[in-house]
Amino acid sequence: MELNYSGRNVTVSDRFREYVDEKMVKIEQLTNKVQRIDVKVVKEPHARNQSTALSVELTVVGRGPAIRAEATGAEKFAAFDVAFSKLLERLRKARDKQKVHRGNHTPVAVHQATSGLPTIGAGKTLVEQAMENQAAEEAAQNSEDSQYTPVVIRRKVFPAEVMSIDDAVDRMELVGHPFYLFIDEANGSHSVVYRRHQYQYGVLTLDPSLNEDDELPTEVRGYRDSEVSTDA
């Protein structure tokens, strides 16, 4: 298993590397499919709250989708401990899911599989929550001598993947994001799945053939349920 370290606006010390190396033994106990683990430490140069000035992001890369966890703290050791705890929980969920599929048993319900994951705060929109979660990373990537601005727009480009809605929900939970972009294998449309209130999910799909005045169709179904209820 390969460990890659990177730091932005902060030095990754030998002591921190040794600390992380000792912890990574637990990951090898949970899965043998890991090829690489990326450890990214970022310090926000314009942090107003020093308790969240440092962030640690852990990404497990192997056979299958990447699994990611991130946390902030006043110093990198504390942030790593929180991120590592989240990562272990997501690895356990991924391992348990594989056991269920190989045994051909009923899949775990979504509300059970995601009970330990963070949800969008009450009264916040999806965009607001996503902006808060990524604020530290976005600010850190600006150069220190750049003029501070409270609004930052950052573009990321990823390869398009074709999958089912259920698989997109799983991918979203594995990386710990409040939304996930994908191409729906059922109709080839560009779509995004996102968390709603409690343990419900929503899917938004772009259809260039529809107009604003058209009555928009909706579908409601359960997780891993082949029966779909359609309302025109």
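Only this structure's heavy atoms are used, side chains among them; waters, hydrogens and symmetry mates stay out. Quantities reported herein were computed from a predicted structural model and do not represent experimental measurements.
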According to a 4.5 Å side-chain heavy-atom criterion applied to Ile, Leu, Val, Met, Phe, Trp and Tyr, with indirect links allowed, do Val82 and Val20 form part of one hydrophobic cluster? no

Out of curiosity, does Val12 fall in the hydrophobic cluster containing Leu54 (side-chain heavy atoms, cut-off under 4.5 Å, transitive links)? yes

List in chain and number order the residues that pass salt bridge (charged side-chain N to carboxylate O under 4.0 Å, His left out) with Asp167, two or more places apart in sequence or in another chain; answer none if no residue qualifies. Arg224

Residue list, salt bridge (charged side-chain N to carboxylate O under 4.0 Å, His left out) with Glu161, at least two apart or on another chain: Arg171

Under the rule for ring pair (Phe, Tyr, Trp, His ring centres under 6.0 Å), what residues qualify as partners of Tyr5, not counting sequence neighbours? none

Looking only at heavy atoms, what is the nearest atom pair of [X] and [Y], with distance?
X	Y	value
Lys76	Val56	O-CG2, 3.7 Å
Ala79	Gly73	CB-N, 3.8 Å
Lys43	Asn9	O-ND2, 3.1 Å
Ala69	Lys86	CB-CB, 3.8 Å

Return the set of residues passing side-chain hydrogen bond (donor to acceptor under 3.5 Å, both in side chains) with Asp38 (not counting sequence neighbours), or none when no residue passes. Asn4, Arg36

side-chain hydrogen bond (donor to acceptor under 3.5 Å, both in side chains) against Ser6, all qualifying residues, sequence neighbours excluded: none

Does any part of the side chain of [Y], heavy atoms only, come nearer than 4.5 Å to the side chain of [X], both counted from C-beta?
X	Y	answer
Val61	Val34	no
Val42	Val10	no
Ser55	Glu70	yes
Asp81	Lys23	yes

Does NZ or CZ of Arg195 lie under 6.0 Å from the centre of the six-membered ring of Tyr180, at an angle within 45° of the ring axis? no

Under 3.5 Å, is there a donor-acceptor pair between the Ser164 and Asp166 side chains? no

Side chains of Ser191 and Thr205, donor plus acceptor under 3.5 Å: yes

To the nearest 0.5 Å, tell me how far [X] [atom1] sits from [Y] [atom2].
X	Y	atom1	atom2	result
Met24	Leu3	CE	CG	5.5 Å
Glu44	Thr72	CD	OG1	9.5 Å
Lys26	Phe84	NZ	CZ	6.0 Å
Leu87	Ile67	CG	CD1	7.0 Å

For the rings on Tyr194 and Tyr201, is their centre-to-centre separation under 6.0 Å? no

Would you please test Phe182 and Asp184 for side chain to side chain contact (heavy atoms under 4.5 Å, CB included) and show each step? CA-CA 6 Å; Phe182 68 105; Asp184 192 344; 4.0 Å; yes

Could you walk me through whether Ile27 and Ile37 satisfy the side chain to side chain contact (heavy atoms under 4.5 Å, CB included) test, starting with their C-alpha distance in whole Å, then the side-chain angles of each, then the deciding distance to 0.1 Å, before giving a yes or no? CA-CA 10 Å; Ile27 292 182; Ile37 298 179; 3.6 Å; yes

Just do the side chain to side chain contact (heavy atoms under 4.5 Å, CB included) check on Val203 and Val192 with the steps written out, would you? CA-CA 6 Å; Val203 180; Val192 58; over 6 Å; no

Determine whether a donor-acceptor pair (N or O, by modelled atom type, separation under 3.5 Å) exists between the side chain of Glu22 and the backbone of Val25. no

Per side chain to side chain contact (heavy atoms under 4.5 Å, CB included), Val193 is matched among Leu204, Leu181, Val169 by Val169

Taking transitive links into account, so neighbours of neighbours count too, which hydrophobic residues share a cluster with Val162 at under 4.5 Å side-chain distance? Ile183

